[in-house]
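No experiment lies behind these values; they were computed from the predicted model shown. The basis for the numbers below is simple: all heavy atoms, side chains too, and nothing from hydrogens, waters or symmetry mates.
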Amino acid sequence: MAGTARHDAELVQRSKQQLSQTTDPIERLRLQCLSRGSSGIKGLARTFRIMDDDGSKTLDFQEFQKGLNDYGVPLKKEEALEIFQKLDKDGSGTVDFNEFLEALRPPMSNTRKQVITEAFRKLDKTGDGVVTVEDLRNVYNARHHPKYQNGEWTEDQVFRAFLDNFDSPYDKDGKVSKDEFLNYYAGVSASIDSDAYFLLCMKTSWGV
């Protein structure tokens, strides 16, 4: 289950419907991201990561607002400021990047988080915290892919297409970090109400 088209379509539709009903600014931002599909939150995370030139993993208000605009989810200044102030718990004038992403992810049960972590560990053969084409070779059999079988794609092309399910559509680098994997599946999770069904899908896909 790399996030089926059906799940994505349901997620987009549901998020757009809920967006018209909610007034909480953080929830509105979350829904704006999810209305772009399972990769929505992960894509915003990458936008902010690219902006973090000094590697401080913090954002001031100007950076925060610019990142939202660059990603295409512009908010009114007052709304952006309200979100920023809620996240700036110590009043330092900056927001911790990881805390922001945690607040933005749709709520998930510990059971769901655990199975996502287990799936990532299984994929990350080298244990370096990043999944690459090389990591996939021992887990995913590209030769069963129809485009490999008809000669249209090479094995590498199949692997890269597989990784693209998790990689940000706005900044593809062929690598997926644990955070990106979690952000992606947080989006998928938001489209599945039942814990039991989500766990079944993950276990079937990854053998965890």
Side-chain angles (χ1 to χ4, degrees), residues 3 7-8 10-12 14-117 119-120 129 166-171 176-193 195 198 202:
H7 281 137
D8 248 24
E10 288 173 0
L11 177 62
V12 168
R14 184 187 301 185
S15 299
K16 285 179 177 175
Q17 287 172 345
Q18 291 174 341
L19 192 55
S20 63
Q21 299 164 2
T22 186
T23 55
D24 179 82
I26 292 179
E27 178 67 9
R28 282 184 61 77
L29 178 56
R30 177 187 297 138
L31 289 169
Q32 278 186 280
C33 290
L34 291 176
S35 67
R36 301 175 78 147
S38 302
S39 297
I41 290 175
K42 184 163 56 57
L44 179 61
R46 284 217 164 186
T47 298
F48 282 128
R49 193 169 289 120
I50 291 164
M51 288 176 58
D52 184 23
D53 294 328
D54 60 1
S56 65
K57 295 190 178 177
T58 59
L59 300 164
D60 62 25
F61 180 65
Q62 283 72 29
E63 289 172 324
F64 180 71
Q65 198 171 22
K66 183 177 186 303
L68 295 177
N69 282 317
D70 285 355
Y71 188 57
V73 284
L75 301 176
K76 292 179 182 175
K77 186 174 181 180
E78 301 77 28
E79 200 170 20
L81 187 59
E82 186 179 353
I83 294 172
F84 189 84
Q85 287 173 340
K86 277 189 174 184
L87 295 170
D88 180 18
K89 293 172 184 172
D90 60 359
S92 65
T94 60
V95 167
D96 178 89
F97 185 67
N98 291 326
E99 286 180 5
F100 166 62
L101 286 180
E102 283 174 23
L104 199 58
R105 281 181 197 135
M108 285 191 293
S109 66
N110 286 333
T111 309
R112 292 194 188 203
K113 289 178 186 174
Q114 186 176 345
V115 77
I116 294 168
T117 299
F120 185 82
F166 308 100
D167 216 352
S168 167
Y170 309 98
D171 179 32
V176 180
S177 70
K178 183 179 177 183
D179 270 349
E180 286 174 331
F181 196 76
L182 187 56
N183 287 338
Y184 174 82
Y185 269 117
V188 174
S189 173
S191 71
I192 298 175
D193 292 328
D195 267 6
F198 181 80
M202 290 295 292

Could you tell me whether the side chain of [Y] reaches within less than 4.5 Å of the side chain of [X], counting heavy atoms only?
{"X": "Ile26", "Y": "Leu87", "value": "yes"}
{"X": "Phe48", "Y": "Leu59", "value": "yes"}
{"X": "Tyr185", "Y": "Arg105", "value": "no"}
{"X": "Phe100", "Y": "Leu29", "value": "yes"}

Rounded distance [0.5 Å steps], CZ in Phe84 versus NZ in Lys77: 12.0 Å

Arg36 side, atom CZ; Lys16 side, atom NZ - distance, nearest 0.5 Å: 10.5 Å

Salt-bridge criterion met for Glu27 and Arg30 (N-O under 4.0 Å): yes

Between the main-chain N or O of [Y] and the side-chain N or O of [X], is there a donor-acceptor pair closer than 3.5 Å?
{"X": "Arg28", "Y": "Leu19", "answer": "yes"}
{"X": "Ser15", "Y": "Leu11", "answer": "yes"}
{"X": "Arg112", "Y": "Phe198", "answer": "no"}
{"X": "Asp88", "Y": "Gly93", "answer": "yes"}

Side-chain H-bond candidate by donor/acceptor type, Asp90 with Ser92, under 3.5 Å: yes

Residues Asp195 and Thr111: side-chain donor-acceptor under 3.5 angstrom: no

Shortest non-hydrogen contact between Leu104 and Ile41, atoms and distance: O-CD1, 3.5 Å

